[in-house]
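Keep in mind that the numbers below use all heavy atoms, side chains included, and drop hydrogens, waters and symmetry copies.
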Amino acid sequence: MGLSKHRRLRRREEFRRVLRDGNRARDALLSITAADNGTPDSEPRYGFAIPKRVGGAVTRNRIKRRLRAIVNQTDHPRGWDYVIYAFPAASDATSERLAQSVETLVKRLRSGGRNRRTEQRARGPR
RNA sequence: CGAGGCGGACGGGCGACCGCUGCGGGUCGGUGCGAGCCGACCUUGUGGAGGAAAGUCCGAGCACCAACGGGCAAGGGCGCCUGCUAACGGCAGGGCGGGGCGACCCGACGGAAAGUGCAACAGAAAGAAUACCGCUUUCGAUGUGGGCUACUAGCCCGUUUUCAUCGAGAGUAAGGGCGAACGGGUGCGGUAAGAGCGCACCGCGUCGGCGGUAACGUCGGCGGCAGUGCAAACCCCGCUCGGUGCAAGGCCAAAUAGGGGGGCGUUAAGAUGAUUGUCCGCAUCAGCUCCCGGGUAGGCCGCAAGAGGUCAUGGGCGACCGUGAUCGCAGAUGGAUGGUCGCACAGGGUUGGCGGUUGAGGGAAGAAGGCUGCGAAGCCGUAAACCUCGCCGCGGUCUGGACAGAACUCGGCUUAUAGUCCGCCUCGCUGA
RNA sequence: GGCCCGUUCGUCUAGUGGCCCAGGACACGGCCCUCUCAAGGCUGAAACAGGGGUUCGACUCCCCUACGGGCUA
């Protein structure tokens with residue numbers, strides 16, 4: 001299923017911020033990076049990064065659509081942004097396997113606490 | 001029935017639930033006197049990928065570069081003819097050449113007597129010459145037989161001859177040999193042997209007639225073979241091409257820096273300028289004057305009516321064109337057009353099931369047998385059960401859609417593509 | 001999205017139509033040398049991205065495809 005505009009990451013700046021400050025977890029299919037977006041009450045937002053080596057436009061669109069449908073059906077913590085990166089193995093995976101992958105990775109990120117890198121920088125000088 | 005050729009259509013269907021996005025409608029909020037504008041949400045409304053959307057290989061529209069102003073040169077592209085088209089390297093028809101029994105298919109198909117270059121190896125010789133073998137002939141040396149018929153013989157020529165061998169020279173491109181290629185071919189004449197040396201036909205060149213808009217075809221005369229191939233080698237000839245690309249370009253407008261635009265006018269010199277170079281021409285640069293926010297991030301426009309689709313009709317062999325009616329047909333921007341499940345239907349694989357088919361092999365010694373022949377021998381020639389493999393139908397079971405995603409828009413080309421359907425045509429076998 | 005390049009042994013490269021069944025270096029295999037290893041010597045295997053065309057002949061020239069890279073915000 002689709003995902004409306006305000007729940008997507010839509011700017012280069014937003015992608016850069018999440019990838020720079022977020023925590024990352026990955027398995028054979030996906031790599032998910034999550035970052036606190038500063039407004040705790042907002043719905044979670046998602047961005048997808050699927051490189052060309054995964055396949056042609058048809059394959060990449062299919063993965064993106066499946067991931068959007070999966071993400072729209074699950075409740076992730078509010079106030080976070082996610083960037084989901086796909087590996088080539090994801091092109092052969094079923095929707096069920098992708099959903100499993102997303103669930104375990106997000107769970108692992110939640111147990112990992114708040115943005116590690118932001119906290120480290122806050123403790124340092126400056 | 002089998003094998004094939006050409007052209008065309010489709011390329012997943014239905015349902016349930018959950019979603020995305022454009023447009024329309026509605027509600028609410030902000031702003032404004034207001035028309036309105038902006039934003040959020042809702043929606044029993046409506047639209048939402050392709051034949052290639054792809055590769056980015058050509059051609060255009062559109063936009064900007066002050067003016068796509070001219071000449072010369074360079075560079076790129078195209079290349080049988082005629083037409084179609086906005087244009088094209090595309091398409092249609094025709095010509096020529098090649099392939100196929102045929103339907104039909106394929107062809108970068110101008111010029112090699114304008115010039116330059118290249119043609120390895122082999123070979124005597126690869127571009128105007130060449131003699132390796134062979135053939136012929138002259139001279140010299142040595143030897144004495146040689147030819148024909150025929151089968152151990154005969155006939156003829158001759159003893160300054162003839163013939164053989166060797167050496168030296170000349171002629172010869174018919175034959176052998178070399179090679180991708182030796183530069184006309186075949187036949188007859190001719191000759192010491194040969195040769196376009198001569199003749200006929202074919203090819204080639206050239207001149208003329210006729211047919212055709214033309215490419216070209218055809219007929220006749222003349223020439224008498226000089227003149228090999230390669231231009232996807234340089235090149236010549238003809239035609240053609242300004243550059244950049246929607247990240248073009250325009251509008252609104254945080255930040256930052258101080259400038260930007262119009263008009264008049266000097267154009268003497270010089271400089272600059274844009275689109276490959278150069279020349280001419282042109283524009284700008286002085287000064288005066290008038291006007292003004294600027295334009296990055298971001299947003300909006302460009303951005304969906306166009307050389308448009310469908311149907312009918314008329315013209316044309318056709319590409320295509322005219323007329324009429326009718327339709328309204330995607331507009332995303334981290335990038336929508338989908339996700340999950342179910343049901344059928346094509347299709348494919350498999351099968352210890354059922355039924356059919358004799359298609360192949362075994363059974364089967366091509367036996368028995370028959371015919372021809374004096375004979376040796378040769379020719380003709382077949383049945384069944386059953387078994388194995390195969391094929392067809394039904395059933396079971398498993399599988400189950402190819403290539404692929406708009407990014408300013410069109411016209412083409414090229415490439416990828418499971419499977420299904422339709423029309424026309426060709427060849428073979430069989431039946432009526 | 002648009003515009004341009006490139007592809008030769010495992011790696012880096014040479015090769016401007018025939019002298020190239022493609023040369024060199026490093027790496028690899030075998031043998032010699034040495035007590036052994038290294039170095040050295042001898043020797044071997046190993047490539048024109050794929051398909052089609054032009055040509056007598058293609059790594060080279062032309063076309064298509066695949067892959068890789070660069071510029072453009």
Side-chain angles (χ1 to χ4, degrees):
Chain A
M1 306 168 195
L3 202 58
S4 57
K5 277 182 180 176
H6 70 281
R7 298 193 53 194
R8 281 181 261 155
L9 296 181
R10 304 191 61 193
R11 294 163 159 279
R12 185 174 175 76
E13 203 40 49
E14 294 167 342
F15 272 79
R16 281 238 306 269
R17 187 182 57 77
V18 171
L19 292 173
R20 192 182 60 232
D21 297 338
N23 294 330
R24 191 165 299 164
R26 70 176 182 203
D27 63 9
L29 299 180
L30 304 172
S31 168
I32 300 183
T33 306
D36 192 338
N37 65 11
T39 50
D41 289 337
S42 70
E43 293 187 75
R45 299 191 301 173
Y46 303 90
F48 302 94
I50 298 161
K52 254 188 181 167
R53 46 170 300 154
V54 170
V58 174
T59 307
R60 283 181 281 133
N61 273 339
R62 187 170 56 239
I63 293 170
K64 203 187 296 177
R65 285 164 181 157
R66 282 175 166 170
L67 288 173
R68 270 206 294 266
I70 288 162
V71 141
N72 203 33
Q73 279 177 325
T74 45
D75 287 330
H76 293 146
R78 300 172 88 80
W80 288 73
D81 291 342
Y82 300 89
V83 169
I84 303 180
Y85 178 96
F87 295 108
S91 60
D92 299 326
T94 60
S95 284
E96 200 178 345
R97 287 210 53 207
L98 288 173
Q100 269 177 14
S101 183
V102 169
E103 196 184 341
T104 58
L105 290 175
V106 168
K107 199 176 292 177
R108 213 187 297 166
L109 285 167
R110 289 173 69 179
S111 62
R114 303 308 267 181
N115 295 3
R116 180 175 296 167
R117 294 179 199 184
T118 335
E119 288 170 2
Q120 278 178 345
R121 276 209 323 221
R123 276 201 303 269
R126 200 194 128 203

Exercise. C/A49 and B/C109: how far apart are their P atoms, nearest whole angstrom?
Worked result: 27 Å
Exercise. Is the base of B/G196 syn or anti, if syn means a glycosidic angle within 90° of 0?
Worked result: syn
Seminar exercise, completed: When A/Ser95 and A/Thr59 are each assigned the nearest nucleotide of RNA chain B, the 5'-most assignment goes to A/Ser95
Problem set entry | Complement of B/A103, any strand, by Watson-Crick or G-U distances under 3.5 angstrom | none
Exercise. Is the A/Tyr82 ring parallel, tilted or perpendicular to the A/His76 ring (thresholds 30°, 60°)?
Worked result: tilted
Seminar exercise, completed: Between A/Thr94 and A/Phe15, the residue closer to the 5' end of RNA chain B by nearest nucleotide is A/Phe15
For this session: Compare every heavy atom of A/Ser91 with every heavy atom of A/Arg62, then report the nearest pair and how far apart it is.
Result: NH2-O, 4.3 Å
For this session: Sticking with atom P, work out how far B/G355 lies from B/C386, rounded to a whole angstrom.
Result: 13 Å
Problem set entry | Rounded distance in Å - CD (A/Glu96) to C1' (B/C341) | 12 Å
Seminar exercise, completed: From CG of A/Asn61 across to P of B/G335 the rounded distance in Å is 10 Å
For this session: With C1' as the reference atom in both, quote the distance from C/G53 to C/G17 in angstrom, rounded to an integer.
Result: 16 Å
Problem set entry | Test item: A/Asn61 side-chain N/O and A/Lys64 main-chain N/O as donor-acceptor pair under 3.5 Å | no
Problem set entry | Watson-Crick or G-U counterpart of B/U350, or none if no pair lies under 3.5 Å | B/G396
Seminar exercise, completed: Paired to B/G179 by Watson-Crick or G-U wobble criteria (both distances under 3.5 Å) is none
Exercise. Given side chains that start at C-beta, do those of A/Arg68 and A/Phe48 come closer than 4.5 Å, heavy atoms only?
Worked result: yes
Exercise. P atom, B/C320 versus B/C84: distance in rounded Å?
Worked result: 13 Å
Seminar exercise, completed: Using Watson-Crick geometry (N1-N3 plus N6-O4 or O6-N4) or G-U wobble (N1-O2, O6-N3), each under 3.5 Å, B/U137 is paired with B/G169
For this session: Counting Watson-Crick and G-U wobble pairs only, both distances under 3.5 Å, name the nucleotide matched with B/G115, or none.
Result: B/C234
Exercise. Going by a 90° cut-off around 0, is B/A49 syn or anti?
Worked result: syn
Problem set entry | Base partner of B/G223, which must satisfy Watson-Crick or wobble distances under 3.5 Å | B/C204
Exercise. What distance, rounded to whole Å, do you find between the two C1' atoms, one in B/A330 and one in B/G335?
Worked result: 14 Å
For this session: Would you state whether a donor and an acceptor, one from the side chain of A/Arg8 and one from the base of B/G335, lie under 3.5 Å apart?
Result: no
Problem set entry | Protein-nucleotide distance (A/Asp81, atom CG; B/G334, atom P), rounded to Å | 15 Å
Exercise. Out of B/A49, B/G334, B/A406, which nucleotide sits closest to the side chain of A/Ala57?
Worked result: B/A406
Problem set entry | Assigned glycosidic conformation for B/G5 [threshold 90° from 0] | anti
Problem set entry | Rounded interatomic separation in angstrom, taking CZ from A/Arg60 and P from B/A406 | 10 Å
For this session: Look at the side-chain N and O atoms of A/Arg65 and state whether any lies under 4.0 Å from the OP1 or OP2 oxygen of B/G19.
Result: no
Problem set entry | Euclidean distance, atom CD1 of residue A/Ile63 to atom P of B/U340 [Å, nearest integer] | 12 Å
Exercise. On a whole-Å scale, what distance lies between the C1' atoms belonging to B/G175 and C/U60?
Worked result: 42 Å
Seminar exercise, completed: From the list A/Ile32, A/Ile84, A/Leu29, side chain to side chain contact (heavy atoms under 4.5 Å, CB included) with A/Leu105 holds only for A/Ile32
Seminar exercise, completed: Judged by whether its glycosidic angle lies within 90° of 0, B/C329 is syn
Problem set entry | Pairing nucleotide - C/C35, Watson-Crick or G-U, each distance under 3.5 Å | none
Nucleotide N/O to protein N/O under 3.5 Å, stretch nucleotides 67-73 of chain C:
none

Seminar exercise, completed: Pairing partner of B/G2, by Watson-Crick or G-U wobble and under 3.5 Å for both distances, is B/C427
For this session: Could you label the plane-to-plane angle of the A/Tyr85 and A/Phe87 rings as parallel, tilted or perpendicular, counting under 30° as parallel and over 60° as perpendicular?
Result: perpendicular
Exercise. How far apart are the closest heavy atoms of A/Arg26 and A/Arg108, and which atoms are they?
Worked result: O-NH1, 3.5 Å
Problem set entry | Inter-nucleotide C1' distance (B/G412, B/A87), Å rounded | 11 Å
Problem set entry | Any side-chain heavy-atom pair of A/Thr74 and A/Val106 under 4.5 Å | no
For this session: Would you kindly give the CD1-to-P distance between A/Ile50 and B/G405, to the nearest whole Å?
Result: 15 Å
Problem set entry | Closest contact, heavy atoms only, A/Gly22 versus A/Ala35 | CA-CB, 3.8 Å
For this session: Take atom CZ of A/Arg62 and atom C1' of B/G339, then tell me their distance rounded to the nearest Å.
Result: 12 Å
Exercise. Is any side-chain heavy atom of A/Arg17 less than 4.5 Å from a side-chain heavy atom of A/Asp81?
Worked result: yes
Exercise. Would you call A/Phe48 stacked on B/G334, i.e. ring centres under 5.5 Å apart with the planes less than 30° off parallel?
Worked result: no
Problem set entry | OP1 or OP2 of B/A336 under 4.0 Å from side-chain N/O of A/Arg68 | yes
For this session: For A/Arg66 and B/G19, give me the distance from atom CZ to atom P, rounded to whole Å.
Result: 20 Å
Problem set entry | B/U415 to B/A54 separation - C1' atoms, rounded to the nearest Å | 9 Å
